[in-house]
Structure formats: structure tokens, C-alpha cells
**Q** 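Okay, here's the structure, questions in a sec.
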Amino acid sequence: MKFINLTRRTEIGANSYYLEIGDHKLVLDCGMHPKFEGEEALPNFRPIADRQIEAIIISHAHQDHIGTLPVLMRRQPNARVFMPEATADIGDALLHNSVNVMTRQREELGVTLYPLFTHRETERATDLWQSCPMRQRISFGGERVSPNEVGESTFEFYDAGHVLGSSGVMLRGEDRSVFYTGDVNFSDQTIMQAAAFPEESDAGRKIDILIIECTRGDSATPPEWTREAEERRLADAIKETFDRDGCVLIPVFALGKTQEVLAMLFEFRRNGLLGDFPIYIGGLSAKMTNIYDVRSAMSRRQHPRMQLMTELSPFVLNGQTIHEAPARAGRVYALSSGMMTPKTLSNTFARRVVENPQHSIFFVGYADPLSPAGILRQAKTGDEIVLDSDEPPQRIQCDMRQFQFSAHAQRESLVDYAKKVAPRKILLVHGDPPAVEWVRAKLHVDLPDAEVIVPPPGVEIEL
Ligand SMILES: [Zn+2]
Ligand SMILES: [Zn+2]
């Protein structure tokens, strides 16, 4: 069994991993780097250039896991592509949106390689995807396999509780098993239910190798933290802003965090914590929210009947209307991107409210420390900030607060899961170096019999 980390650094970037089980050559995930452009935004495909990939398996439809899939499909035309059902719906919308973003970046930033793929190519690619139900063993040729057929090489998706359609992947072959967590949450969110992950490979048989994400490895959860108290704190902070005639900007990812925030706002209204007020979201977020609504009864989630688009009727903004949208009292703007990348809705709107002490910007999830959202959340009132290098600096006067509603598992629960599984080998992925290091050190102490590996980028490891 062989493994190659196809990310360019130890980081949360363009996530992609090569795995060889027997003669099956596989790629897990195929992301786009959120911070880089052109070639640097792609995973490092060089180590697999001369290998014929049989199957590409996608864990979920966040950009850092699916964003460059059409490029890999072009380079590996014979590879079958598998993903969970909801991920296929979301991935389709996301990749078409990505073509538009890259086309704009070609003009604005002069990235000549962009777009990395076209709408036509995306359409052809999505036609070839094979969407799979959770908890069904499937061969790498795409056939359903019964659990009684021992010895078959298969993969199987398990609900990861991170965003709609997110999964962990069990891979069986060579008489061994590998479980890849993808992005996971072991706690309930407002919509998503906690992950339903396996603790063994087959009745009583251990999982041999665990590939586990480490996103929150460097952030301890305060002992007094509860989701209910945090929701209450958010509701109070919104009310305070409305009381001083301000509006609230919440930068969010289009997939996952937007829908969680909308569901929270709905609950605040229903519980009487807040009255009725206008909500604004972006076009891609609206598409993703529609998919949540359409799939509500079919997915494992809380509030299965809650239809976010009809119950909250958010106003939908785009790249043009964002400039005229009123930054008026008593409104919530839950806009993407979550990292406030220049030219996105959240960045454009932040520049309109950041100098006004009446308004608020509330952070509710992960942002790369070097992204505009990451820089802004570490800054203080009175600091000068450049949110877009094409625009003049601004002085921060608005109210800024941070809330902990991460869609990723707390680091303690990652370790607890690894301890329950007790695999022979553990590979640590999807984390910045301090996060990975915390998990490595902790597992070294808590699971002394396991070999804990931080897979070096681009290097083939024998498992
Ligand atoms: Zn994710
Ligand atoms: Zn991720």
C-alpha cells in the first residue's frame, strides 16, 4: 500500500492524496488552494503524472477538496469519479461559479492560466461523475458490493457531519482497511448532525490506517464553551448593533456556514431573541441554500422540514448589486467569501462598514491567518487596514467580535476518535504546521503503539 501527499506544503491548501491499494491507483480529493492563483492553486500532480489513476474519490464539495477536479479529469481521462450524492449537486454549482471567478481574475489580476477549465468542460466532467449513497460498499469499477463478498477492493462513504454531502471514506483492499476522515465534525451544528463514523472496518476488525484532518489542532476549546451559550452571545451582539442603528456583516463560506447562520437567525426569530429583519446573502450561497432545502428530507440533519429560502426569504446580492445594497440599520449581511478575499461580496461590503462605529463585523468560522478576514480579526479598533490592495487603507471603527461555530471537530474529539479506532498507523493531514504538531505530540503520548506520520509533500510512503 502506497501513499503520497499531493499538497505542496503541510497546510490546508489544495487537498489531494494518492493512495495505492493492490493494483488500484486512487486519488482522494482534488482541491484548489484558497490563497494562490494559477499553477500554485493546483495540487502537486507531478508524482502521479506517469501513473494511470483508476478512481478519484471526492469527500465533499468545499473548494479545497473539489476545486480542481476538472483539471485532474482532463489529465486522467480514464479515471472514474465518485462522490456522495449531495456533493455532486453542490460541486456542480461550485465549479461553474469557479469558472466565473477565474475568468474575472484573468482580467483583474492578469492570471493568463485562468480559467483552469471552462463551463463546457465542467458540464462534460459532471456528466461523468458517479454519485453514491452513504454506507454502501462500491468497487473501484463502480459496482455495488455486498459486505459478504470478502476480499473485494471497495470504498464506502460515511456521513462526516461537516457540511451537506460531506463524508469520510473507508477503503478496503489487500486484506486491510484505510479510513480517510475528510473534513469532520463530531458535534452537532444547527443543521448538520454530528459525524456517524465507523470505529472498526468490519464486524470486530480494526481499521488499520487512519488518515485524519487536523484543522483545529492549534485551537483549544475553552472549558466553558457551549454552542447554546455561543448562539445566545451572537443573538445579543446582533441586537446591540441594531439598537445603535447599525447593520451586521458576517463573512461566511457559501457552503455550510451560510446555511448554519441562516438556521440560527431563524431560530433567534422563533425564540423571540430577535424580531423580523432583512437578511442578505450572495448568489452562490443562494444556490447552495436551495440544495440544502431540496435535499432536506433526504439528508441526515436537524430541522428536516426547515426550508431556509422560503422561511427567511433572504435578499440575494451579486457583484454589481453589492455596491448599491443599503448598509442600513437592522439588517444582517451573511456574505461570502469566508476569508474575505478581495473583490468578493464580503470584502466589498466590509470596506463600506469598517470605518463606521455603528456597524459590526462578526467572525464565525475558520479564516486563514494571512487572508483579509484573518488579518482583520486580529486587528484592533483604531488600527489601519488594507482589505484590498487596489484600495486605500482604512481605519477600523466598527465593532468586531469572534464566535466559535466551527464546522470542524474540536481537537480533543479528533484524538478521542483516533483512540477508539486505535489503528496501526495514523496519517495527519489538512492542518497548518502548529495544528498538525499538536495532534502528533498528543497521539504520540496517548497511542504509543500507533505509528503517527506527518506525510511530507510529494514523497511516496509505503504503508
Ligand atoms: Zn470542508
Ligand atoms: Zn477542507
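What you see is a predicted model; the values in this text were computed from it and never measured.
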**Q** Does the side-chain contact (heavy atoms from CB on, under 4.5 Å) test come out yes or no for Ile209 and Phe179, once each step is laid out?
**A** CA-CA 6 Å; Ile209 297 161; Phe179 188 68; over 6 Å; no
**Q** If you draw a 6.0 Å radius around CD in Glu462, do more than 12 non-hydrogen atoms from other residues or ligands fall strictly inside?
**A** yes
**Q** Report yes if the side chains of Trp438 and Val415 come closer than 4.5 Å at any heavy-atom pair, otherwise no.
**A** yes
**Q** Supply the atom-to-atom distance Met264 CE to Gln259 CD, rounded to the nearest 0.5 angstrom.
**A** 11.5 Å
**Q** For His62, give me all partners under ring pair (Phe, Tyr, Trp, His ring centres under 6.0 Å), at least two apart in sequence or on another chain.
**A** His60, His162, Phe253
**Q** Is Lys425 paired with Asp208 through a side-chain N to carboxylate O contact shorter than 4.0 Å?
**A** no
**Q** Quick one: list whatever passes side-chain contact (heavy atoms from CB on, under 4.5 Å) with Val421, sequence neighbours left out.
**A** Ile207, Tyr417, Pro423
**Q** Is it the case that Glu11 and His33 place a side-chain donor and acceptor less than 3.5 Å from each other?
**A** yes
**Q** Do you know the tightest heavy-atom contact between Met309 and Asn290?
**A** CG-OD1, 3.5 Å
**Q** For Asn15 and Tyr17, does a side-chain donor sit closer than 3.5 Å to a side-chain acceptor?
**A** yes
**Q** Could you tell me whether the side chains of Gln193 and Arg301 share a donor-acceptor contact shorter than 3.5 Å?
**A** no
**Q** Contact between Leu26 and Ile56 at the side-chain level, heavy atoms closer than 4.5 Å - yes or no?
**A** no
**Q** Is there a donor-acceptor contact under 3.5 Å linking the side chains of Glu152 and Thr154?
**A** no
**Q** Is a side-chain N or O of Gln136 found less than 3.5 angstrom from the main chain of Glu156, in a donor-acceptor match?
**A** no
**Q** Test your reading of the model: is there a side-chain donor-acceptor pair from Ser98 to the backbone of Leu94, 3.5 Å cut-off?
**A** no
**Q** Indicate the atoms forming the closest heavy-atom contact of Met102 with Met32, along with that distance.
**A** SD-CE, 3.7 Å
**Q** Does the distance from a Lys or Arg side-chain N to an Asp or Glu carboxylate O, for Arg440 and Glu437, drop under 4.0 Å?
**A** yes
**Q** Answer with yes or no whether the side chains of His96 and Thr122 bring together a donor and an acceptor at under 3.5 Å.
**A** no
**Q** May I ask you to check whether over 12 heavy atoms, not counting those of Lys442, lie within 6.0 Å of atom NZ?
**A** no
**Q** Which atom pair, heavy atoms only, marks the closest approach of Cys214 to Ala435?
**A** O-CB, 3.3 Å
**Q** How far apart are the closest heavy atoms of Trp225 and Gln404, and which atoms are they?
**A** CZ2-O, 3.0 Å
**Q** Between Phe155 and Phe140, how do the two ring planes meet: parallel, tilted or perpendicular, split at 30° and 60°?
**A** parallel
**Q** What is the distance from atom CG of Asn97 to atom OG of Ser285, rounded to the nearest 0.5 Å?
**A** 9.0 Å
**Q** Judged by modelled atom types alone, do Asp183 and His65 share a side-chain donor-acceptor pair under 3.5 Å?
**A** yes
**Q** What pairs with His444 under ring pair (Phe, Tyr, Trp, His ring centres under 6.0 Å), at least two apart in sequence or on another chain?
**A** none
**Q** Salt bridge or not for Glu311 and Arg305, using N-O below 4.0 Å?
**A** no
**Q** Please give me the minimum heavy-atom distance between Gly91 and Ala61, naming the atom from each residue.
**A** N-CB, 3.7 Å
**Q** Nearest 0.5 angstrom please: Met339 CE to Ile375 CD1, how far?
**A** 12.0 Å
**Q** Drop me the distance from Leu284's CG to Asn100's CG, to the nearest 0.5 angstrom.
**A** 9.5 Å
**Q** Under 4.0 Å between a side-chain nitrogen and a carboxylate oxygen: does that hold for Arg51 and Glu20?
**A** yes
**Q** Flag the pair Cys30 / Ile58 as yes when at least one side-chain heavy-atom distance between them is below 4.5 Å, and no otherwise.
**A** yes
**Q** Please determine, by modelled atom types, if Ser296 and Gln307 share a side-chain donor-acceptor pair under 3.5 angstrom.
**A** yes
**Q** Between CE of Met170 and OG of Ser177, what distance do you get to the nearest 0.5 Å?
**A** 5.5 Å
**Q** To the nearest 0.5 Å, tell me how far Leu69 CG sits from Thr126 OG1.
**A** 10.0 Å
**Q** With sequence neighbours left out, write down each residue that passes ring pair (Phe, Tyr, Trp, His ring centres under 6.0 Å) with His303, or none if nothing qualifies.
**A** none
**Q** After noting the C-alpha distance and the side-chain angles of Phe197 and Tyr158, does the key distance pass the ring-ring contact (aromatic ring centres under 6.0 Å, His included) rule?
**A** CA-CA 6 Å; Phe197 269 5; Tyr158 287 80; 7.1 Å; no
**Q** For Ser59 and Asp29, test the side chains for any donor-to-acceptor distance below 3.5 angstrom and give the result as yes or no.
**A** yes
**Q** State which residues pass ring pair (Phe, Tyr, Trp, His ring centres under 6.0 Å) with Phe349; sequence neighbours excluded, sorted by chain then number.
**A** Tyr333
**Q** Going by atom types alone, do Thr181 and Glu213 pair a side-chain donor with an acceptor below 3.5 Å?
**A** no
**Q** Would one find more than 12 heavy atoms of other residues, nucleotides or ligands at under 6.0 Å from atom CD of Glu143?
**A** no
**Q** In the structure I gave you, are the side-chain heavy atoms of Leu312 and Arg269 within less than 4.5 Å of one another anywhere?
**A** yes
**Q** If you draw the axis of the six-membered ring of Phe157, does the NZ or CZ of Arg135 fall within 45° of it and under 6.0 Å from the ring centre?
**A** no
**Q** Nearest heavy-atom pair of Met1 and Ile21: which atoms, and what distance?
**A** CE-CG2, 4.0 Å
**Q** Can you sort out the partners of Glu260 under side-chain contact (heavy atoms from CB on, under 4.5 Å), two or more places apart, ordered by chain and number?
**A** Gln189, Thr190, Ile191, Met192, Arg227
